[in-house]
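Side-chain atoms are counted along with the backbone in the values below, which use heavy atoms only and exclude waters and symmetry mates. The structure presented is a predicted model; accordingly, all values stated were derived computationally and were not measured. One-based numbering, in listed order, for ligands and for the atoms of each.
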Amino acid sequence: MIKFIDLNKINLRFEAEFTARFKSFLNSGYYIMGSEVTQFEENFAKYCGTKYCIGVANGLDALTLIFKSYIDLGKLEVGDEVIVPANTYIASILSVINAGLRPVFVEPEVQTFNISPSEIEKHITAKTKAILVVHLYGQLAAMTKISKIAKHKNLLVIEDAAQAHGAVSTSENKKAGNLSDAAGFSFYPSKNLGALGDAGAVTTNDKDLVETIKLLHNYGSSKKYENEKIGINSRLDELQASFLNLKLNYLDADNTARRAIAKRYLSDINNSKIQLPYYNGSDNHVFHVFVVRVDNRVKFTQYLEREGIGYLIHYPIAPHQQKALLPYKSLSLPLTEGIHNSVVSLPMSPVLTNTEIETIINALNLY
Ligand SMILES: *Cc1c(COP(=O)(O)O)cnc(C)c1O
């Protein structure tokens, strides 16, 4: 059985170093917001090329805190419209709703699965104040075009970079997290940079935003027991930060390994029943997942099960069709619905072996 992703194998590469780091963490006697968090914030800002990084508890909080902080700063108001990709993980949408803003669902470009700039333009109203882009599956959205639209209409741009750690825009010579006003990252264990538990971060070059998030994510307080704002508790865990400081050193190599696997899939899978994803060959894609489309998904996934090939579906139900988002159920989003009904993610991780890759390719060519 080839696992969709073998998290144990990914992390066992660092077993000795994790253990040493745990011991040093234990002995430090300092378990919340210590030097590992500060160090990670410095390291990750440097990696992304931004001035600032703030560690938070998870990716959803990272995005929600960005929106809440812009409201606190007066750059957004409760009830403002935020353009969002209809085709995404529900967390992107929840961050907008949880901050008291209104998501406006926009269809993707079918080729890249990412939000369509021309569809964004069609959905801008007098109430639109921001665009949330998601670099879905690890491939950067059309940021140059989107930034241009935003600048013209005076809108904020926020990146959901939870699937795109290390993706590089070759045209802008910048990384995910540094292509907008502010970005939210998740370090959920299966992400390209994954902790051993929940973790997240915000990256930005906006000093005011940083100061507000620093307050809001820690009880609205900068001085112990003095509370300036109605905040929440969403801190990056010290132990997770220490693990992330180590793993960040291997992120680029892991992304290179993912791209190499994707290139083999793209060149060696030849089956008219399996539609392969678009990839321009550059470092703008870090292949968080490798997503194919098929007409008969039930038949295809049954075949994968018989062949012992792990898979996942990202995602089986579109956000606007979830029970939780009932007010949006009547929206007509045929491209999004078509994608959600036909996608299947193949095994993808930096620890897949040559033999496993060959087995997968052979099985898919025989389907
Ligand atoms: C994983 C993910 C999130 C949420 O991250 P958590 O750390 O699980 O809160 C948000 N958006 C996208 C696109 C994701 O893939």
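- Counting atoms of ligand 1 from 1 in the listed order, those under 4.0 Å from a heavy atom of Asn58 are 7 (O), 9 (O).
- Applying the 4.0 Å criterion to heavy atoms of Ala91 picks out, from ligand 1, the atoms 3 (C), 4 (C), 10 (C).
- Considering both main-chain and side-chain atoms, Gln163 comes within under 3.5 Å of ligand 1 through a nitrogen or oxygen pair.
- Considering backbone and side-chain N/O atoms, Ser186 comes within less than 3.5 Å of an N/O atom of ligand 1.
- If you look at Leu60 next to ligand 1, the close heavy atoms, those under 4.0 Å, come from the backbone and the side chain alike.
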Donor-acceptor pairs under 3.5 Å, side chain of residues 2-9 to any protein atom, not counting sequence neighbours: which ones?
unit_1, atom_1, unit_2, atom_2, d
Asp6, OD1, Asn8, N, 3.4
Asp6, OD1, Lys9, N, 3.0
Lys9, NZ, Val351, O, 3.3

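- Looking at ligand 1, you'll find an N or O of Asp160 within less than 3.5 Å of one of its N or O atoms.
- Side-chain polar atoms of Gln39 and Asn43 form a donor-acceptor pair below 3.5 angstrom.
- Residues satisfying the salt bridge (charged side-chain N to carboxylate O under 4.0 Å, His left out) criterion with Asp206, sequence neighbours excluded, are Lys75.
- Here the options are Tyr279, Phe290, Tyr278, the test is ring-ring contact (aromatic ring centres under 6.0 Å, His included), and the partner is His285; only Tyr279 passes.
- Looking at Lys191 against ligand 1, only its side chain comes within 4.0 Å, counting heavy atoms.
- Cation-pi geometry between Lys175 and Tyr47 is met: under 6.0 angstrom from the ring centre, within 45 degrees of the axis.
- Of the polar atoms of Ala162, none of the N or O atoms is found under 3.5 Å from an N or O of ligand 1, judged by distance alone.
- Using bins of under 30°, 30° to 60° and over 60° for the plane-to-plane angle, the ring pair Phe40/Phe187 lands in the perpendicular bin.
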